[in-house]
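What follows is one structure encoded as structure tokens, with my remarks underneath.
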Amino acid sequence: MSSSKFPIPQGTLDMLILQILSLEPVHGYGIARRLDQVSRSVVQVNQGSLYPALHRLELKGWLRAEWKQSETGREAKFYSLTASGRKQLTAEKHTWARLADAVQLIFNEGTR
Amino acid sequence: MITQLANWFRRKKLESGLDRELSYHLDRRIIDLERSGLPTEEARRQALLELGGVTQVQEEVRDIWLSRWLRDFVYDLRFSARSFFRSPSFTATTVLSLALGIGATTALYSLIDQIVLRTLPVDHPERLVLIDWIGFQNAETLGTENLMSYPICRDLQQQTQFFDGVFCRAATTMNFSTGGEPRLTAAELVSGTYFSVLGVNPAQGRLLTMDDDQAPGSSPVVVLSNDFWQNQFGGAQDIVGRKVLVNQHPMTVVGVAAPTFHGVDVGEVPSVWIPTVMSAQAIPGFKTMLDRRTRWVQILGRLKQNVSLAQAQTGLQPWFQAMLDEDTRRTNISRTSAENRRRFLASTLALTPAPQGHSVLRHDFSRPLWVLFVATAVLLALACLNVAGLFLARGSARHREISTKLALGASRGRIGRQLLTDSVLLAFAGGVLGVAMAPIAVRALIAFLPHDTAANDLHASVDIRLLLFAFFVSLVTGFLAGSVPALQAGRKSLDCSLRERGGTPSGGLALRRAIVTAQIAFTLILVIAAGLFVRTLHRLLAKGPGFETSSLVSFGIRPALNGYSDAEATQLIRRISEGLHSSGSTQASSIALVQLLLGGAWNNSLTIRAPTIQAGERYITDREVQMNAVTPGFFATLGARIVAGRDFNEHDALNVDAPHQSLPVSESGQRAVIVNQAFVKRYFGGRNPLGARVAMGARPDAKPDSEIVGVVENISYRNVREQWEQAYFPIGTKLSGSNFYVRFRGAPESAFRSIRAILRNVDPTLPITYFRTLDEQIDRSLNTERMLAALSSSFGTVALLLSLVGLYGVMSFVVTQRTREIGIRLALGALPWSAIWLVLRDALAMILSGIGVGLPFVWALGRLVESQLYDVKPSDPAVIAITILVLGSAALGAALIPAYRASGVNPTDALRVE
């Protein structure tokens, strides 16, 4: 809806999902709502790439899924982080921080 | 990847799960949107838009579950299978051609693997070597090949610096009984080190050891083979300690070998192992076990860990030379001629690797089997070409479909993959069918191999190596056959194909022509090979053994195996002869010491003294003469003419001792010998030899005192191929083993019955070593030739059929393609035969170029088969000419059918195709 929003790269989407799930198990729609909050601020998350991402992360063994009763009373598929998923999240956060630092360094140089 | 494969089987569950997930998401979103004020329809539309389309999401998730290429592959398989079921004749032809090619290759590979390649099931077979004497051994031979004397084996066992162990063995047959009727059984005489060097374990009791290898006659024990124990004794648990009789000598069973061990010879599996020290009991009349000048065992050894074969070979020569020197000082060598002594001292010891053991079967059949394998490979190549041609035809028929797919966005690679899947699937189907057919083929091939008392260790089952081989061949075949149309599919430009009018495009025709040309070349090779082998067999059968084989039967007895002494045996044989002579169904009967047409012969040199040769000086034959000892009337029984002099009579027979030993001088009467025409030609230059005298052997003190009393025409001794010098002596009074030759009258069955009755009358338990007609014997001796002729003919026929099918396919296609052109020509007034000629000219070009390409290969491959042929050269012009004629006319005939169709084209119809 606004030109300030740009599409999110796939790797970042994975990281966001892992981060959201690091707090508590959520079902697909819940993740979509949280991501929507993120979208409203900065980036556009294509809802269509959510479920492929979830299944991909599940295949990689970073997520675990189980059917539980949701807040509406219906059964929904809840995703939660596995131990290796947690490790992956930490690693990605590290990489992201270092990347951000490096970019910041270059900006600093530029403005000097 | 494994998860993805597993997901394939769970996909229904996964799909339904995803459906639930997505519907939950959509429902929640719709509710939320409705809550924020949107009407239901609008909310639903928005929700779907946001998700980006349910189908798209499903496809993407599916790609994650099953990975793209797996899904594509499964889809391709289904698509191929469906299209194959829709064109059954194409599928059937292709699968059958491939099945034939792959089945034949697999069957032959199975046989080659078992006979030539497979190593013995023992520890470290690669360290086994065969030790052989190269040069003149100056010894009496008892057996087949690579033989040495027993004392040498004992000596070599002391050479522990090179060998971990050395053993020797000899194959034989003996009369075996467990209390009931004795039966002829295959056995192996082995040294005490045999089982320990080979590393065989017992399944029951114990195996033979060095303790059983001490003094002659001191170890009456035997070890049974596992199969023999199962079949004859029902796997009885109390087998150890059982008493058995070997040629009427009592022995004890001390153990049973492990189930996987079948001896060292794949062609002859022994049922019983006997210590060498019991050789006098196992081979009646054999008293020379410890004689250094009797060679009867093969010696094999296991090299030490760090010793190479070359090292051992060079390291053994000094010891060997010393042994030779010592041998010359012993009395029997010193009496030989100077020439022979020189040759003796020049001998060497040779070691050859023997991981497959020692086998006469391998020696005889390696070459023919490899020749057949090459032929099978050619046949497989032909089948592949056929399939490639068929696929090309199918591809060009599908070009519309392919072009449409390309237009809809499919990549060339994707289409190529689908076509490749097509061919691989068919190739697999062909491979499976071929593997199913292979055991039948192997069984048929094994039936061609000669076998006597000893069974061979060959089986027709399909093992894992074979399956892998067939799998590999199928895969390669599928790839090769399908790759060309697959590559072709993408190459043509898109709009060019869509724009094609009416008929099918010309793409691929040049390739198909090339394929047919190659097929014809291959067929030429195979059919010429078939012609050569059939001609060889025919020539051999026509040549015949030189005597009359109809109504001639031969059987052999070995009374010594039943415990008969020499005198008793002579009596027995006399009684049998009398019985045969007085029987109404026998015309004539006689006895020979050595069986004819068995592949072996008794030979020795002769010393001749004749006034016409070297002015009466002693003259030694320059090569060995084949010898036999026969009763009077032998040649008449066989129907061989005596062209000069006379046959043996009763007097001659009385004047002879057993001819196995050298003839001692005796005063009573003269000894007689009959020679054949080849002998006269070689040593007498065709002049009259009657009256000349000969002696057996080439020793300086041999006195030529046997007079040549007759000349017989040439007959075959070892096999039908050979023509050799022969000398016949009369059978003496001592008859140890005998081969009877009986010419009977009337129907064979009744004659056989009466002969067997005579034998039973004389002694019901007498072991008959063989009983067959001479025609059968000749067939057996020609087993290899028959196998080559039969198989190459079938290959040639199949090859011809495949080529004709290919040619017909291409010519049909050409006619269809040129329908318009032919129609125009006919409309313009051309005669019908010109249309036929148009098509035939095309076919002729392919046929002639195929023959032209094939002929150089025939010339090159001729070298490979030369050794198997008889009286026919590989470049025999008659065979080549006839083959070209047959191939050419058959091919033209195949092309004639579509050509005839061409002539019947209705011009107006043809022009209307636009």
Side-chain angles (χ1 to χ4, degrees), chain A residues 1-2 5 7-11 13-14 17 20-21 25-40 43-80 82 84-85, chain B residues 1-38 40 42-72:
Chain A
M1 200 123 203
S2 62
K5 291 190 190 170
I8 190 172
Q10 185 192 14
L13 175 61
D14 288 354
I17 293 175
I20 292 171
L21 290 173
V26 193
H27 53 63
Y29 186 63
I31 299 176
R33 271 217 303 239
R34 306 274 166 86
L35 285 174
D36 205 38
Q37 289 164 357
V38 171
S39 315
R40 261 192 272 275
V43 293
Q44 170 92 32
V45 176
N46 185 359
Q47 300 272 344
S49 40
L50 174 63
Y51 282 98
L54 283 172
H55 283 265
R56 186 176 52 246
L57 293 174
E58 188 186 351
L59 193 69
K60 283 196 178 152
W62 296 334
L63 299 185
R64 192 188 311 118
E66 76 180 315
W67 285 88
K68 283 204 307 230
Q69 204 174 53
S70 72
E71 53 274 19
T72 62
R74 252 174 88 175
E75 275 219 339
K77 195 173 182 190
F78 280 79
Y79 290 91
S80 55
T82 61
S84 58
Chain B
M1 165 78 168
I2 303 180
T3 329
Q4 287 171 329
L5 277 170
N7 281 346
W8 172 254
F9 298 103
R10 286 189 294 190
R11 64 190 191 281
K12 277 227 172 58
K13 195 163 140 221
L14 289 170
E15 293 270 349
S16 66
L18 183 64
D19 280 342
R20 277 174 73 191
E21 218 182 338
L22 289 177
S23 61
Y24 178 84
H25 178 111
L26 279 171
D27 290 344
R28 290 282 307 260
R29 186 71 183 130
I30 291 172
I31 291 171
D32 281 349
L33 284 172
E34 280 177 351
R35 282 221 199 97
S36 69
L38 280 159
T40 319
E42 197 56 34
R44 178 176 301 267
R45 204 179 60 88
Q46 177 125 342
L48 281 169
L49 262 172
E50 276 172 3
L51 203 52
V54 174
T55 325
Q56 184 124 349
V57 174
Q58 279 177 330
E59 279 290 304
E60 280 190 41
V61 176
R62 274 190 209 122
D63 274 351
I64 291 173
W65 283 336
L66 300 172
S67 100
R68 202 68 208 273
W69 76 258
L70 185 64
R71 290 183 61 204
D72 284 347

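Residue numbers start from 1 in every chain, and the chains themselves are labelled A, B, ... in the order their sequence lines are given, proteins ahead of strands.
For the pair B:V57 and A:G48, the tightest heavy-atom approach, listed with the atom from each and the gap, is CG2-O, 3.8 Å. Contact between B:I64 and A:L59 at its shortest, heavy atoms only, is O-CD2, 3.5 Å. The shortest non-hydrogen separation linking A:H27 to B:Y24 is NE2-OH, 3.2 Å. Across every non-hydrogen atom of B:H25 and A:A32, the tightest pair is CE1-CB, 3.7 Å. In this structure, B:W65 and A:H55 approach most closely via the heavy-atom pair NE1-ND1, 3.4 Å. The shortest non-hydrogen separation linking A:W67 to B:G17 is CZ2-O, 3.6 Å.
For a residue to count as touching a neighbouring chain, one of its non-hydrogen atoms must lie under 4.5 Å from one of that chain's; by this rule B:I31 does not touch chain A. For B:L22, the part lying near chain A is the side chain, with the backbone staying farther off; criterion is any non-hydrogen pair under 4.5 Å.
Listed by chain and number, the residues in a salt bridge (charged side-chain N to carboxylate O under 4.0 Å, His left out) with A:R74 are B:D27 (sequence neighbours excluded). For the side chain to side chain contact (heavy atoms under 4.5 Å, CB included) test, residues two or more places apart in sequence or in another chain that qualify with A:A65 are A:E58, A:K77, A:Y79. Looking at residues two or more places apart in sequence or on another chain, you find a salt bridge (charged side-chain N to carboxylate O under 4.0 Å, His left out) between B:R71 and B:E59, B:D63.
Counting heavy-atom pairs closer than 4.5 Å to chain A, the top residue among B:E60, B:R29, B:R28 is B:R28. When each of B:Q56, B:Q58, B:R20 is scored by its heavy-atom pairs under 4.5 Å with chain A, the top score falls to B:R20.
Residue-level contacts of residues 45-52 of chain B with chain A, in order of numbering, are B:E50, B:L51; threshold 4.5 Å between heavy atoms.
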Go through it in stages, so that I can follow the logic: the residues are B:D32 and A:Y29, the test is side chain to side chain contact (heavy atoms under 4.5 Å, CB included), and I'd like the CA-CA distance, side-chain angles, deciding distance and then a yes or no.
CA-CA 11 Å; B:D32 281 349; A:Y29 186 63; 2.4 Å; yes
